[in-house]
Amino acid sequence: MRERIRRAAGLALCLLGWVLVPAAGQPPAVSGAGKKVVDAQGLKGKVLCGYQGWFRTPGDAAKLGWIHWSRDSQRITPETLTFDMWPDMTDYSASERYPAPGFTYPDGRQAELFSSDHPRTVLRHFEWMRDYGLDGAWLQHFVVDLPGGPGEARYPTRLRVLQHVRQAAQQTGRVWALSYDIAGMPHDRIFETLTRDWRKLVDDGVTKDSRYLQVGSRPVVQIWGFYRNNPTNLMTAELAHRLLDFFRTPGRYSAYVVGGGDWEWRANPDPEWQRFLRRFDAYIPWNVGNFSRDAAAVSSASMHTWEEDQRECARRGVLWIPSVYPGFSWDNLKQQKPGVSAIPRRRGQFLWEQFHKLAQLGADSVFVAMFDEVDEGTAIFKVTSAPPTQAHFVGYEGLPSHWYLRLVGEGARMLRRQRPVTPNIPIKP
């Protein structure tokens with residue numbers, strides 16, 4: 001039985017959230033190869049994570065309140081929560097910890113959260129990427145928060161996070177690239193707002209960073225939102241062609257364009273959609289929420305389209321970048337009963353099966369969804385399995401908080417044939 005959860009969360013997460021040294025016993029599990037400086041040239045062979053960087057807290061530089069932690073920016077309570085996973089705060093320094101009033105850990109200690117608008121926190125996250133063998137990040141850049149968007153007042157804090165990412169990538173030898181997301185943006189303002197921001201960042205030298213991804217002489221740009229008839233992603237074939245015309249015109253603002261959208265993109269009957277899909281340099285089908293259950297009710301990610309996706313992209317001269325995810329849960333965000341939305345992680349086997357399938361297909365370029373996405377429960381960074389007791393949270397089934405960082409690092413090694421291709425997880429917690 002196939003089931004699916006649409007990426008309509010982009011608007012819910014973006015607008016709802018805004019408007020309203022390793023710990024002992026947790027050594028990196030990958031070899032020193034992860035600490036080498038990653039080559040910023042090319043996307044082939046890269047395992048990159050989506051990085052939201054959208055969390056804010058009272059007392060941080062943004063001064064916007066509980067953003068992406070609570071649907072009410074002025075307070076955080078069990079009723080206002082918009083996330084399902086509590087980050088493991090063990091490694092964070094005192095200056096990075098922000099108390100969450102009313103929430104305590106099982107041992108009675110005050111529970112704390114982090115802000116993405118803190119340079120040390122972003123650096124810490126990139127250090128984890130380095131230590132566990134991840135190549136870098138796609139920095140999510142929501143168009144609604146750019147100058148010209150309805151949330152442009154939030155641009156200064158987004159720009160600060162961008163600068164933190166630049167510095168962190170430089171210090172850790174990771175790579176990064178911008179990932180624009182059109183969710184929630186009025187259709188008639190998407191083109192001008194997005195392209196104006198790109199021109200500014202190019203003029204400011206951002207894409208000339210030694211850590212910014214390039215393919216040949218072109219900087220990489222990724223755009224999410226190529227979903228047909230999606231009410232929160234108001235994309236049309238005409239708009240898609242305009243965007244591609246802009247980025248593919250030779251000159252100062254030319255870019256290597258990576259599209260992101262429907263997982264059933266090949267089945268789209270609109271000939272104009274098929275025409276612009278052929279124009280991308282690379283394509284990422286968003287697969288989060290696309291899963292099936294077998295007769296024993298065991299959930300697995302749906303991967304039956306991958307082989308033909310790979311062949312079709314190769315035929316068109318488009319780089320296929322599949323997306324993988326570890327599981328899912330957004331009960332608090334959607335105000336549902338605990339467990340209603342869960343796609344169980346199965347102690348990591350759900351994610352490992354996806355890496356195994358890609359290894360069988362010979363794929364080596366992957367989008368990992370996501371590094372820090374606790375709103376939808378797809379995070380791979382350090383999450384506690386002993387969260388506060390005052391509300392419903394999903395943990396890592398008692399596994400170490402670094403377990404999924406290790407799994408992604410090992411999965412990357414398997415894709416590179418640095419370890420045997422095995423259907424079951426080859427490491428122990």
Side-chain angles (χ1 to χ4, degrees), residues 2-12 14 43 50 138 140-144 177-195 198 215 218 220-249 253-290 301-325 363 365-367 369:
R2 287 186 63 207
E3 303 189 30
R4 49 178 63 187
I5 298 171
R6 286 284 182 186
R7 198 173 185 266
L11 174 62
C14 185
L43 279 172
W138 297 97
Q140 303 301 114
H141 210 47
F142 282 91
V143 179
V144 291
L178 283 163
S179 181
Y180 288 99
D181 193 316
I182 71 165
M185 187 67 177
H187 175 268
D188 61 351
R189 292 155 69 180
I190 292 172
F191 178 83
E192 184 55 38
T193 302
L194 190 158
T195 56
W198 176 256
V215 175
R218 292 181 292 164
V220 174
V221 66
Q222 203 267 329
I223 304 173
W224 283 113
F226 297 95
Y227 305 94
R228 186 166 180 261
N229 298 328
N230 186 305
T232 63
N233 293 272
L234 302 178
M235 182 57 66
T236 63
E238 184 272 337
L239 175 57
H241 282 301
R242 285 185 70 197
L243 288 166
L244 283 160
D245 288 344
F246 171 82
F247 284 110
R248 293 182 70 89
T249 298
Y253 305 112
S254 176
Y256 180 97
V257 185
V258 181
D262 288 317
W263 60 61
E264 66 269 70
W265 59 280
R266 286 185 290 104
N268 191 318
D270 189 325
E272 277 305 304
W273 275 69
Q274 288 300 329
R275 191 166 75 85
F276 81 69
L277 286 168
R278 289 180 173 86
R279 298 182 64 196
F280 288 123
D281 295 297
Y283 186 71
I284 306 173
W286 181 253
N287 208 46
V288 173
N290 192 9
S302 293
M303 299 172 276
H304 62 283
T305 62
W306 284 6
E307 191 168 358
E308 187 55 37
D309 281 355
Q310 184 183 40
R311 279 198 296 264
E312 181 64 10
C313 280
R315 188 179 70 81
R316 298 180 179 196
V318 175
L319 177 63
W320 177 58
I321 305 178
S323 58
V324 302
Y325 69 109
S365 305
V366 181
F367 181 101

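Sequential numbering from 1 along the given sequence is applied to the chain's residues.
Within the 3.5 Å criterion, the main-chain N or O of Q274 finds a donor-acceptor partner in the side chain of R278. Counting only distance, with no hydrogens or angles, the side chain of Y253 and the backbone of T195 share no donor-acceptor pair below 3.5 Å. The main-chain N or O of R228 is found under 3.5 Å from a side-chain atom of D262 such that the two form a donor-acceptor pair. Side chain of D181 to backbone of I223: no donor-acceptor contact under 3.5 angstrom is found. S323 contributes a side-chain N or O that, together with a main-chain N or O of N287, makes up a donor-acceptor pair within less than 3.5 Å.
For A363, the side-chain contact (heavy atoms from CB on, under 4.5 Å) partners at least two apart in sequence or on another chain are Q310, W320, L358. Qualifying ring pair (Phe, Tyr, Trp, His ring centres under 6.0 Å) partners for F247, counting only residues two or more places apart in sequence or in other chains: W198. In this structure, the side-chain hydrogen bond (donor to acceptor under 3.5 Å, both in side chains) partners of S179, at least two apart in sequence or on a different chain, are Q140, Q222, W224. For F226, the ring pair (Phe, Tyr, Trp, His ring centres under 6.0 Å) test picks out F276, F280, with sequence neighbours left out. R248 meets the salt bridge (Lys or Arg N to Asp or Glu O under 4.0 Å) test with D281; sequence neighbours excluded. Residues satisfying the side-chain contact (heavy atoms from CB on, under 4.5 Å) test with L239, not counting sequence neighbours, are H187, I190, F191, M235, T236, L243. Partners of Y180 by side-chain hydrogen bond (donor to acceptor under 3.5 Å, both in side chains), not counting sequence neighbours, listed by chain and number: D197. Scored by the salt bridge (Lys or Arg N to Asp or Glu O under 4.0 Å) test, R279 finds D245 as partners (sequence neighbours excluded). Contacts of R275 classified as side-chain hydrogen bond (donor to acceptor under 3.5 Å, both in side chains), with partners at least two apart in sequence or in another chain: H241, E272. Contacts of E192 classified as salt bridge (Lys or Arg N to Asp or Glu O under 4.0 Å), with partners at least two apart in sequence or in another chain: R196, R199. Shown here are the side-chain hydrogen bond (donor to acceptor under 3.5 Å, both in side chains) partners of D270, two or more places apart in sequence or in another chain: there are none.
The distance from the CH2 atom of W263 to the CG atom of N290 is 4.0 Å, given to the nearest 0.5 Å.
You'll find the side chain of I321 reaches within 4.5 Å of the side chain of L43, heavy atoms only. For the pair L319 and Y256, the minimum side-chain heavy-atom distance is below 4.5 Å. F246 is not listed as a side-chain neighbour of L244, based on a closest heavy-atom distance of 4.5 Å or more. In this structure, the side chains of V258 and I284 come closer than 4.5 Å at one or more pairs of heavy atoms. At a threshold of 4.5 Å between non-hydrogen side-chain atoms, the residues W265 and C313 count as touching.
Summarising the geometry of P322 relative to S365, their closest heavy-atom pair is CD-O, 3.1 Å, with the distance given to 0.1 Å. Residues A255 and V221 share a closest heavy-atom pair of CB-CG1, 3.7 Å.
Applying the salt bridge (charged side-chain N to carboxylate O under 4.0 Å, His left out) test to every pair with at least one member in residues 301-313, sequence neighbours left out, gives these pairs: R266-D309, E307-R311, E308-R311, E312-R315, E312-R316.
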